[in-house]
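As structure tokens, the structure follows; a few thoughts come after it.
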Amino acid sequence: MADKMKTIVLGVTGSIAAYKAAELASRFTGEGFRVDVIMTESAQQFIAPLTFRNITGRPVVTTMWDIDSEFSVEHVALAEAADVVLIAPATANIIAKMACGMADDMLSCTVLATKAPVVIAPAMNDNMWSNPFTRENVAKLTKRGFTFVGPARGRLASGKMGLGRLTGLDDIYGITLQALGRKGDLAGKHIVVTAGGTQEPVDPVRCLTNHSSGKMGYAVAEAARNRGAEVTLISAPTALAAPPGLKIIGVKTAEDMLKAVQEAVKKADALVMAAAVADFRPVKASSQKIKRQDLNELTIELEKTPDILAQVKGSFIRVGFAAESHDVVANAKEKVKRKGLDLIVANDITEMDCGFGADTNRVTIIDSKGKVENLPLLPKGEVADKILDKLITLLR
Ligand code: PMT
């Protein structure tokens with residue numbers, strides 16, 4: 001799990017998007033991180049330090065020269081305390097200063113002195129972003145290991161549309177967690193995760209599918225990313241936003257998923273199959289829409305889809321899920337054996353708040369020796385971390 005006691009130093013610079021940094025500070029603080037905010041002088045023209053002070057419950061640094069501040073005595077104190085430095089929004093000015101190694105205010109000083117990863121979320125006029133000076137500065141910082149997230153295209157402070165808007169807060173949040181986890185217990189590992197329900201076409205408008213929302217698989221993928229893994233998420237169609245910092249491959253059918261998994265596992269340390277793969281598909285999908293008025297009844301002949309977990313073998317750890325409606329443990333044990341798995345995560349999809357669509361899940365984890373561990377009802381993010389805890393022992 002991401003270590004909640006870690007310190008995020010949030011640098012806020014002078015952009016109209018500065019108010020959005022308050023939302024980020026609130027989210028990180030709510031998640032239990034210690035958030036220390038440094039505001040540049042121009043940031044204080046857009047939003048008051050008091051806002052951040054009340055949100056984080058921590059003193060806000062606004063100058064290097066406040067003799068009463070616990071941080072100004074030792075001007076690199078925050079640089080040393082930081083597990084990650086996030087600058088959001090970052091103006092062209094702070095980017096230029098960092099690229100030149102300048103240290104003329106508390107934020108640039110902290111960036112120059114820190115050994116923590118630095119994440120930069122730019123926000124500026126589109127001409128400033130595309131200016132060759134800024135392009136060079138961004139390239140220089142990227143080469144030195146700084147991580148950029150955004151900017152996004154959209155309406156800018158000038159009123160025109162362009163590339164320069166602070167990117168979505170979900171993306172900034174995800175990339176910051178990824179940077180925090182860079183030295184996590186899955187660092188250096190490549191994990192392939194599948195999610196969502198496959199769709200098997202009946203005709204151009206209809207398909208056979210199931211109720212999977214993708215939440216469980218996405219939670220595993222994000223948790224693995226936050227612990228330092230390189231993650232490939234192979235996703236059947238879902239309504240979920242693409243999590244940042246992952247390689248995402250969209251697929252529709254079981255056949256597509258099989259091909260994507262076969263390719264991805266070539267360099268994987270583990271495969272986690274959380275997807276609800278259709279077990280059957282129409283033998284032949286109609287190329288034209290089947291018309292209701294032409295038929296009194298319709299029989300669709302089905303055939304088995306490929307069993308991905310059973311087919312994809314190699315020197316990587318294989319974790320399956322078992323969606324069961326009865327005899328959960330017995331059925332899951334049988335699947336571990338039949339599919340030759342290292343681990344299976346069984347959920348009773350008839351239970352309230354579990355399985356399909358829910359934000360929570362109650363699972364039983366069973367290993368290849370038949371050892372059973374029952375977990376209580378937990379948010380899917382926490383279930384994901386428990387699965388990864390087990391996976392790590394297998395990877396060792
Ligand atoms: O997506 P959510 O709404 O969050 O819901 C989560 C979930 C209920 C989908 C998830 O927790 C879950 O149980 N996923 C597996 C669903 C499933 O297909 O179970 P199964 O018992 O039919 O299959 C067993 C395993 O074989 C699964 O890992 C499955 O991915 C895999 N399989 C199944 C069929 C197939 N043709 N190929 C496979 O590899």
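All ligand and atom numbering here is 1-based and tracks the order in the structure. All values reported here derive from a predicted model rather than from experimental measurement. Numbering starts at 1 and runs along the sequence shown.
Hydrophobic clustering of Ile, Leu, Val, Met, Phe, Trp and Tyr side chains at less than 4.5 Å, counting indirect connections, keeps Leu271 apart from Ile387. In this structure, Ile47 is a member of the same hydrophobic cluster as Leu166, with clusters built from ILVMFWY side-chain heavy atoms closer than 4.5 Å. If you chain together hydrophobic residues whose side chains sit under 4.5 Å apart, Ile172 and Val35 fall into the same group. Connection of Leu309 to Val265 is established within a shared hydrophobic cluster, with ILVMFWY side chains joined at heavy-atom distances below 4.5 Å, either directly or through further cluster members.
A donor and an acceptor atom, one from each side chain of Arg153 and Thr167, are nowhere located under 3.5 Å apart. For Thr299 and Glu297, the side-chain atoms include no donor-acceptor pair closer than 3.5 Å.
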Salt bridge (charged side-chain N to carboxylate O under 4.0 Å, His left out), that's the test. Do Asp307 and Lys339 meet it? Break it down for me.
CA-CA 9 Å; Asp307 186 332; Lys339 301 196 184 208; 3.0 Å; yes

Run the numbers on Glu230 and Lys247 for salt bridge (charged side-chain N to carboxylate O under 4.0 Å, His left out), then give the verdict.
CA-CA 8 Å; Glu230 177 195 342; Lys247 180 176 179 195; over 6 Å; no

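Scanning the protein for heavy atoms near atom 37 (N) of ligand 1, the closest one is Ile308 N, 3.0 Å. The protein non-hydrogen atom at the shortest distance from atom 2 (P) of ligand 1 is Ser213 OG, 3.3 Å. Nearest non-hydrogen protein atom to atom 32 (N) of ligand 1 is Lys339 NZ, 3.6 Å. The shortest contact between atom 6 (C) of ligand 1 and any protein heavy atom is with Met216 CB, 3.6 Å. Atom 1 (O) of ligand 1 has Ser212 OG, 2.6 Å as its closest protein atom, hydrogens excluded (heavy atom only). Atom 13 (O) of ligand 1 has Asn347 ND2, 3.0 Å as its closest protein atom, hydrogens excluded (heavy atom only). Protein heavy atom in closest approach to atom 39 (O) of ligand 1: Leu309 N, 2.9 Å. Ranking protein heavy atoms by distance to atom 24 (C) of ligand 1, first place goes to Phe321 O, 2.8 Å.
Considering every non-hydrogen atom in both Ala82 and Thr114, the closest pair reads CB-OG1, 4.2 Å.
Counting heavy atoms closer than 4.0 Å to ligand 1, residue Pro306 contributes backbone atoms (N, CA, C, O) but none from C-beta onward. Under 4.0 angstrom from ligand 1, the non-hydrogen atoms of Asp279 all belong to its side chain. Contacts between Ala278 and ligand 1, counted as non-hydrogen atom pairs separated by less than 4.0 Å, involve the backbone only. For Ala195, no heavy-atom contact with ligand 1 is shorter than 4.0 Å. Of the heavy atoms in Ala275, only backbone atoms (N, CA, C, O) come closer than 4.0 Å to ligand 1.
Here's the thing with Ile349: none of its N/O atoms is less than 3.5 angstrom from an N/O atom of ligand 1. Note: an N/O pair closer than 3.5 Å links Ala323 and ligand 1 by distance alone. Between Gly357 and ligand 1, at least one N/O pair is under 3.5 Å apart. When only interatomic distances are considered, the shortest N/O to N/O separation between Gly196 and ligand 1 does not fall below 3.5 Å. Taking any N or O of Ala358, backbone or side chain, none lies under 3.5 Å from an N or O belonging to ligand 1.
Near Thr305, with a cut-off below 4.0 Å to any heavy atom, the atoms of ligand 1 are 36 (N). Every atom of ligand 1 with a heavy atom of Ala274 under 4.0 Å away is listed here by number and element: 9 (C), 10 (C), 12 (C), 14 (N), 15 (C). Of all atoms in ligand 1, numbered sequentially from 1 with element shown, those under 4.0 Å from a heavy atom of Lys335 are 20 (P), 21 (O), 24 (C). Atom numbering of ligand 1 starts at 1 in the shown order; those under 4.0 Å from a heavy atom of Ala322 are 21 (O). Of all atoms in ligand 1, numbered sequentially from 1 with element shown, those under 4.0 Å from a heavy atom of Lys215 are 1 (O), 2 (P), 4 (O).
Of the options Gly320, Gly355, Ala254, the smallest heavy-atom separation from atom 5 (O) of ligand 1 is shown by Gly355. One option in Met273, Lys304, Met257 has a heavy atom closer to atom 28 (O) of ligand 1 than any other, and that option is Met273.
Proximity of Asp294 to Arg292: side-chain heavy atoms (C-beta onward) are nowhere separated by under 4.5 Å. Proximity of Val345 to Met216: side-chain heavy atoms (C-beta onward) are nowhere separated by under 4.5 Å. Between Leu208 and Leu302 there is a side-chain heavy-atom pair separated by less than 4.5 Å.
More than 12 heavy atoms of other residues, nucleotides or ligands sit less than 6.0 Å from atom NZ of Lys160. Shown here is Ile16, whose CD1 atom has no more than 12 heavy atoms of other residues, nucleotides or ligands within 6.0 Å.
Within the cation-pi definition used here (under 6.0 Å to the ring centroid, within 45° of the axis), Arg165 does not qualify as a partner of Trp129.
Using a 4.0 Å heavy-atom cutoff, Gly214 is listed among the residues neighbouring ligand 1.
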